Amino acid sequence: MKYLTQKESQNLDLELMNTSLEMAGGFHLPQLMELAGLSVAEAVYKAYPPQKFPKVLVCCGPGNNGGDGLVAARHLSHFGYSPAVYYPKPSPKDFFKGLVSQLHHLQISPTSSLEDGKTFKPDVLVDAIFGFSFSGPIRPPFKEVIEWFFKKDAPIVAVDVPSGWPIDSAPLLEKPAAGDTSSESYHYEPDMLISLSAPKHCAQYFKGPHYLGGRFIPKELAKKYRIDGLPAFQGTDQSTKL
């Protein structure tokens with residue numbers, strides 16, 4: 001399987017959003033976000049159906065990964081779940097504000113309080129905090145969220161990459177000492193991963209259920225980035241298991 005490096009992932013995104021007729025892109029970011037979020041919601045539905053896992057808490061960061069999470073929360077609501085959204089640092093961009101407004105119309109009010117999220121007692125957690133562009137230490141308020149993930153109060157589904165994992169190298173998954181929850185010294189391990197576009201390099205170190213979402217890569221770009229050998233999507237599916 002082909003795994004994309006951080007640089008390849010960034011370049012692929014740029015090409016997807018290139019409007020030149022000589023390139024294979026032409027997408028707008030909100031369009032890609034909508035398709036990615038839909039695929040995330042569908043993969044969650046396949047692995048954790050609402051009849052058994054009705055309450056989903058989507059934890060959203062301030063960037064595009066968080067936007068995917070906001071879209072996923074809307075679709076999860078339409079799929080029969082009772083989703084809640086933790087969104088402590090909202091983006092000032094208009095189309096992000098639109099995503100939040102769409103949630104409000106479904107009686108979903110994103111909260112900036114992690115305690116509200118814990119009180120919700122979710123059956124599934126969705127990690128849509130940081131994507132492949134993130135690097136550096138995790139700072140508050142997201143540091144506390146990652147430390148909560150270590151406790152595994154519910155199955156955790158990571159969107160594209162588990163937040164905090166290095167993109168181009170192996171994560172540190174050693175079991176911490178008793179009482180140590182410092183997210184600066186090791187990385188949490190999700191229960192399921194949904195790669196978008198193509199798996200990132202660090203995904204090869206994840207051994208759990210792994211889905212591919214983001215059904216929008218033109219054939220010429222798939223060939224250029226050598227991801228044309230990935231399993232094909234079937235029928236109308238927006239996600240497929242790897």
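Bear in mind the structure is a predicted one, so any value in this text is a computation, not a measurement.
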Between atom CG of L16 and atom CZ of F27, what is the distance when rounded to the nearest 0.5 Å?
6.5 Å
Ring-ring centroid check Y186 F150, cutoff 6.0 Å
yes
Judged by atom type as modelled, is there a donor-acceptor pair below 3.5 Å linking the side chain of S39 to the main-chain atoms of A36?
yes
With the 4.5 Å side-chain cut-off for hydrophobic clustering, are L32 and L14 part of the same group?
no
Can you tell me if K152 has over 12 outside heavy atoms packed within less than 6.0 Å of its NZ?
yes
Treating Ile, Leu, Val, Met, Phe, Trp and Tyr as nodes and any side-chain heavy-atom pair under 4.5 angstrom as an edge, say whether L35 and F132 lie in one connected cluster.
no
Nearest heavy-atom approach of D160 to A198 is OD1-O, 4.4 Å
Looking at S9 and L4, what are the two nearest heavy atoms and their distance?
OG-CB, 3.5 Å
The test is salt bridge (charged side-chain N to carboxylate O under 4.0 Å, His left out); show your working for K2 and E8 and say whether it passes.
CA-CA 11 Å; K2 165 67 176 177; E8 287 174 326; 3.2 Å; yes
Result for side chain to side chain donor-acceptor pair (under 3.5 Å) between Q204 and one of H201, K200, K207 points to H201
Which value, rounded to the nearest 0.5 Å, describes the distance between L99 atom CG and L70 atom CG?
5.5 Å
Can you tell me how far apart CZ (F53) and CG (L76) are? Round to the nearest 0.5 Å.
13.5 Å
Given L196 and Y211, is the side-chain contact (heavy atoms from CB on, under 4.5 Å) satisfied, shown in steps?
CA-CA 9 Å; L196 299 174; Y211 284 77; over 6 Å; no
In this structure, would I167 and L172 fall into the same cluster of hydrophobic residues linked by side-chain contacts under 4.5 Å?
no
Audit row: M1, I227, side-chain contact (heavy atoms from CB on, under 4.5 Å) steps and yes/no
CA-CA 8 Å; M1 186 184 297; I227 56 176; over 6 Å; no
Donor-acceptor pair between Y81 and D123 side chains, under 3.5 angstrom:
no
Close side-chain approach of F206 to P190, heavy-atom, < 4.5 Å
yes
In the structure I gave you, are the side-chain heavy atoms of Q31 and F216 within less than 4.5 Å of one another anywhere?
no
Judged by atom type as modelled, is there a donor-acceptor pair below 3.5 Å linking the side chain of D68 to the main-chain atoms of V159?
no
Do Y205 and V161 belong to the same hydrophobic cluster, where Ile, Leu, Val, Met, Phe, Trp and Tyr are linked whenever their side-chain heavy atoms lie under 4.5 Å apart, directly or via other members?
no
Tell me if the NZ atom of K241 is crowded by more than 12 foreign heavy atoms within 6.0 Å.
no
Do P209 and L193 have side-chain heavy atoms sitting under 4.5 Å apart?
no
Would you check if the side chain of H187 reaches a backbone N or O of P171 as a donor-acceptor pair within less than 3.5 Å?
no
Where is the tightest heavy-atom contact between S82 and F120, given as atom of each residue plus distance?
O-CZ, 3.1 Å
Flag, side chain of T119 to backbone of E115, donor-acceptor distance under 3.5 Å:
yes
Please check if the side chain of S163 supplies one atom and the backbone of F130 the other of a donor-acceptor pair under 3.5 Å.
yes
Between CG on residue L212 and OG on residue S239, distance to nearest 0.5 Å
8.5 Å
CG (L242) and OG1 (T240) are apart, to the nearest 0.5 Å, by 6.5 Å
N-O pairing of D153 and K118 below 4.0 Å
no
Are H210 and S195 side-chain neighbours, meaning at least one heavy-atom pair lies under 4.5 Å?
yes
Check the side chains of R74 and Q102 for a donor-acceptor pair under 3.5 angstrom, ignoring hydrogens and angles.
yes
Between V44 and F79, is a side-chain contact (heavy atoms from CB on, under 4.5 Å) present by the stated rule, with each step listed?
CA-CA 10 Å; V44 170; F79 290 174; over 6 Å; no
Does either side chain, that of D168 or that of T5, offer a donor lying less than 3.5 Å from an acceptor on the other one?
no
Check whether the side chains of E34 and H75 place a donor and an acceptor atom closer than 3.5 Å, and report yes or no.
yes
For the pair E42 and R215, find out whether any cationic side-chain nitrogen is under 4.0 Å from an anionic carboxylate oxygen.
no
Nearest non-hydrogen partners of C60 and G66, listed with the distance
SG-O, 3.5 Å
Whether the E15 and Y225 side chains hold a donor-acceptor pair (N or O, under 3.5 Å, no angle test) is what I'd like checked.
yes
Is there side-chain contact between V145 and I129, with at least one heavy-atom pair below 4.5 Å?
yes
May I ask you to test the S133-Q10 pair for a side-chain heavy-atom distance under 4.5 Å?
yes
Close side-chain approach of M17 and H28, heavy atoms under 4.5 Å:
no
Using a 6.0 Å cut-off, check whether atom OH of Y45 has over 12 heavy atoms from anything other than its own residue.
no
Give the minimum heavy-atom separation between G61 and Y87, together with the two atoms involved.
O-CE1, 3.4 Å
What's the shortest heavy-atom distance between V124 and A154, and which atoms?
N-CB, 4.1 Å
Are F142 and P88 side-chain neighbours, meaning at least one heavy-atom pair lies under 4.5 Å?
yes
For residues F95 and I108: do they belong to one hydrophobic cluster (side chain heavy atoms under 4.5 Å, members Ile, Leu, Val, Met, Phe, Trp, Tyr)?
yes
How long is the span from the CH2 atom in W165 to the CG atom in D127, to the nearest 0.5 Å?
10.5 Å
Can you list the steps and then say if N64 with L29 is a side-chain contact (heavy atoms from CB on, under 4.5 Å)?
CA-CA 9 Å; N64 294 344; L29 178 58; 3.6 Å; yes
Lys/Arg N to Asp/Glu carboxylate O, E220 vs K223, below 4.0 Å:
no
